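Quick notes on the structure that follows.
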Amino acid sequence: MHNGATNFIDGQWLTSVSGDTFPSVDPGNHERVLGTYARSGSAEVKLAVEAASRAYRSWRATPAPARGALISRMGEILAANKEDLAHQISREMGKVLIEARGDVQEAIDMARYIGAFGRMPDGYTVPSERQDVACFARRVPVGVVAMITPWNFPVAIPAWKMFPALVTGNTVVMKPSEESPGVAVAFVQMLTEAGIPRGVVNLLTGFGREVGKELIESPHVSVVSFTGSTATGTQIMERCATLGKRVSCEMGGKNGIIVLEDADLELAVKGAIWSAFGTTGQRCTAASRLIVHKAVIDSFTNRLLTAVQALAVGQAGNDAVDIGPVINEGQVHRIHNYVQRAIDAGAKLLCGGARPVGDAYSSGSFYEPTVLAGVTPDMEIAQVEVFGPVTVIMKADSFEGAIDIANSTNYGLSLSVYTRSSSLAFRAIELLDAGLTYINLPTSGAEIQLPFGGTRKTGNGHREAGLHAADYCTEWKASYINYSETSDLVRAQIDV
Ligand code: NAD
């Protein structure tokens, strides 16, 4: 797209009104500019929201099975383009290829799942207390959905938000992260191939504090669906409260793995490696805390370090690489500062803690996989979301102590326990305060047919995916129909 014409408004690819653009660069090689994108603001928001409002009338009147069929077609187009799209993801945000394929697969799964919603029940009937009165409740769309998304799952997250919104009859204005605009453009191009009608999906590229902020302000946006950091999400929730606007927020995490005395340590180490260093630690479900029972802490730590030392850091497109770059230079500095402050506070650096050295790394934003030991719950590193290839080992004296440590942050997204005891497994599921709990599995690995989201500062009570995926963008409408042939007024609660 073609000299910054990357806004998709009312079925047309447009530049920003001002002509301003911004580049997208490969985080593994800053000299490689991948494209130039429209830098949008309030003028584009107005056009896109107007287009989405106009399209809403006809889209909500389109039969739900037809809306579902379009989403199913989108799933097949994603499947046909999976490899190309995975390479584009990998280049633009630095996820290794095998994971980039997973990102696309999640969207394909979601399309297949949500496509079928078009023919599923959309409400229920109940008996009336009045004679000859029929009652039913139906789920109805709310209007224009503003989607503000992060860069770390640039295909899966838009799919999680968009497909449920579309199948239930809403229209969409999407604002992807400024770090991954190219993937968003490719996604919307595929929607046009699937036959999305004009105005039903609109795309605005640009920065959060410019176009993102303006989008929330638009009086014709009915619901805001945000995924990103807790800091940004909190600002958005505050603003939406003032504007009286519905808002769904999926935010940060400080996830943990508990390794109990009876755990299969080999399995636990594999789970810890995937959870802590997958996507270079830049998943909302990344395990940045390993809470290990004192009886197995030495043996777990030794095995973990052996596994970490075998990880290859490098360019994300190289199949031999396990850990790609982090998203940008600012993030490398942020990660490094957290690690330094943890060491100053008494943590012991077991490996990593620096940028890798060598020509292969000189043009990109790389950071070594890092493990810190001797971390206690009161330390900053045990509380903040680092969002990089950094994990810490924390010692637990008992099952109860491990649960307390796991629950001792402000976040509640994903917690996992490794144990061979079914009794402890079920007790842990009961006691862990998180939206996702796992037994003998990594903290990452959610499947789209279950609800996804977190408690406390991770979310505001909504869930994406699963049976309730469309809750955030629908309302319930109750209807009463008097089909009696008499002229008698029968009042509920009074005449019966
Ligand atoms: P971010 O908060 O910096 O940005 C997210 C989106 O918000 C981007 O599109 C950005 O442009 C936009 N934005 C920024 N400031 C804004 C403002 N003032 N008004 C409106 N929009 C604004 O987050 P990020 O760095 O892109 O993503 C990483 C974060 O996302 C991590 O905290 C991670 O845990 C979280 N995340 C959460 C989930 C989840 O489901 N819970 C999933 C993935 C990522």
Side-chain angles (χ1 to χ4, degrees), residues 22 24 27 37 39-42 45 92-95 103 106 146-161 173-181 183-184 203-218 221 224-240 243 245 247-255 278-288 326-328 330-331 334-335 384-388 409-414 434-436 443-444 446 448 451-465 469 472:
F22 67 101
S24 172
Y37 296 88
R39 184 166 182 166
S40 316
S42 56
V45 165
E92 193 166 48
M93 55 64 68
K95 185 181 279 196
D103 197 326
E106 214 164 301
M147 292 175 24
I148 299 179
T149 53
W151 48 267
N152 69 335
F153 277 86
V155 169
I157 292 178
W160 289 359
K161 294 184 186 301
V173 179
M174 166 180 173
K175 204 304 277 175
S177 170
E178 52 274 29
E179 301 283 1
S180 56
V183 172
L203 169 69
L204 297 176
T205 53
F207 291 82
R209 261 169 276 144
E210 298 171 2
V211 62
K213 218 165 163 216
E214 290 295 334
L215 187 54
I216 292 159
E217 297 296 323
S218 170
V221 163
V224 176
S225 177
F226 167 83
T227 298
S229 62
T230 296
T232 309
T234 304
Q235 281 175 29
I236 291 177
M237 285 189 288
E238 283 170 7
R239 193 61 198 141
C240 287
L243 295 169
K245 195 165 284 201
V247 58
S248 156
C249 284
E250 298 291 341
M251 300 175 282
K254 185 68 187 173
N255 314 291
T279 320
T280 319
Q282 303 169 111
R283 284 179 178 234
C284 52
T285 53
S288 52
V326 297
I327 191 65
N328 55 36
Q331 189 57 14
R334 209 168 146 250
I335 294 167
V384 293
E385 183 183 46
V386 176
F387 226 55
T409 74
N410 286 328
Y411 297 103
L413 186 54
S414 184
L436 308 169
T443 50
S444 294
I448 59 96
F452 184 94
T455 62
R456 296 173 283 152
K457 294 209 166 168
T458 295
N460 67 337
H462 291 270
R463 290 291 182 271
E464 294 191 339
Y472 89 92

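Whatever order the structure lists ligands and atoms in, that order sets their numbers, starting from 1. Keep in mind it's a predicted model, so treat the numbers as computed, not measured.
With respect to I216, the side-chain contact (heavy atoms from CB on, under 4.5 Å) criterion is satisfied by exactly one of L243, V45, V247, V221: L243. Test H462, K161, E250 against S225 for side chain to side chain donor-acceptor pair (under 3.5 Å) and you get one pass: K161.
One option in T227, T232, T234 has a heavy atom closer to atom 5 (C) of ligand 1 than any other, and that option is T227. Evaluated by nearest non-hydrogen atom to atom 44 (C) of ligand 1, the leading choice among N152, I148, V224 is N152. Remark: among candidates C284, S180, G228, the nearest residue to atom 29 (C) of ligand 1 is G228, based on non-hydrogen atoms. For atom 11 (O) of ligand 1, the candidate residues are E217, E250, E178; the nearest heavy-atom contact is made by E178.
Looking only at protein heavy atoms, the nearest one to atom 9 (O) of ligand 1 is T149 O, 2.7 Å. Protein heavy atom at the shortest distance from atom 31 (C) of ligand 1 is E385 OE1, 3.4 Å. The closest protein non-hydrogen atom to atom 28 (C) of ligand 1 is F387 CE2, 3.5 Å. Protein heavy atom at the shortest distance from atom 19 (N) of ligand 1 is G208 O, 3.5 Å. For atom 27 (O) of ligand 1, the nearest protein heavy atom (residue, atom name, distance) is P150 CB, 3.3 Å.
Remark: atom 41 (N) of ligand 1 lies closer than 4.0 Å to at least one protein heavy atom.
Close approach to G252 involves these atoms of ligand 1, each under 4.0 Å from a residue heavy atom: 32 (O), 34 (O). Close approach to K175 involves these atoms of ligand 1, each under 4.0 Å from a residue heavy atom: 8 (C), 9 (O), 10 (C), 11 (O). Those atoms of ligand 1 with a heavy atom of S229 less than 4.0 angstrom away are 1 (P), 2 (O), 23 (O), 29 (C), 30 (O), 32 (O). Within ligand 1, the atoms closer than 4.0 Å to a non-hydrogen atom of P176 are 9 (O), numbered from 1 in the order shown. Set against the non-hydrogen atoms of F226, the atoms of ligand 1 under 4.0 Å away are 2 (O), 5 (C), 6 (C), 7 (O). In summary, the atoms of ligand 1 found under 4.0 Å from a heavy atom of I157, numbered by their order in the structure, are 42 (C), 43 (C). Here is the list of ligand 1 atoms found below 4.0 Å of a heavy atom in W151: 24 (P), 25 (O), 26 (O), 27 (O). Shown in contact with M251 at under 4.0 Å from a heavy atom are these atoms of ligand 1, numbered in order with element: 34 (O), 37 (C), 38 (C), 39 (C), 41 (N).
The CD1 atom of I148 sits 4.5 Å away from atom CD1 of I236, with the distance rounded to the nearest 0.5 Å.
For the pair T285 and ligand 1, no heavy-atom separation below 4.0 Å is found. Taking a 4.0 Å cut-off on heavy atoms, G206 fails to register as neighbouring ligand 1. Not close to ligand 1: F153, with no non-hydrogen atom less than 4.0 angstrom away.
In this structure, R463 contributes its side chain and G435 its backbone to no donor-acceptor pair below 3.5 Å. Although no hydrogens or angles enter the test, the distance criterion places a donor-acceptor pair under 3.5 Å between the side chain of T458 and the main chain of G252. Formation of a donor-acceptor pair under 3.5 Å by the K95 side chain with backbone atoms of N152 is found in this model. Remark: the backbone N or O of V384 is paired with a side-chain donor or acceptor of K254 at under 3.5 angstrom.
By the 6.0 Å contact criterion, NZ on K213 is open, its count of non-hydrogen atoms from other residues, nucleotides or ligands being 12 or less.
No N or O atom of T458 sits closer than 3.5 Å to an N or O atom of ligand 1.
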Original post:
Hey, mind stepping through T285 and F452 against side chain to side chain contact (heavy atoms under 4.5 Å, CB included) and telling me if it holds?
Top reply: CA-CA 11 Å; T285 53; F452 184 94; 3.9 Å; yes
**OP:** Could you give me the CA-CA distance, side-chain angles and deciding distance for T230 and E385, then say whether side chain to side chain contact (heavy atoms under 4.5 Å, CB included) is met?
**Re:** CA-CA 9 Å; T230 296; E385 183 183 46; 5.8 Å; no
**OP:** Under the side chain to side chain contact (heavy atoms under 4.5 Å, CB included) rule, what do F153 and R283 come out as? Steps first, then yes or no, please.
**Re:** CA-CA 8 Å; F153 277 86; R283 284 179 178 234; 3.8 Å; yes
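No donor-acceptor contact under 3.5 angstrom links the side chains of Q282 and W151, judged on distance only.
In this structure, R239 pairs ionically with E217, as a charged nitrogen and a carboxylate oxygen lie closer than 4.0 Å.
A cation-pi arrangement is not found for K175 relative to F226, the charged atom failing to lie both closer than 6.0 Å to the ring centre and inside a 45° cone about the ring normal.
Counting heavy atoms under 4.0 Å from ligand 1, residue Q235 touches it through the side chain alone.
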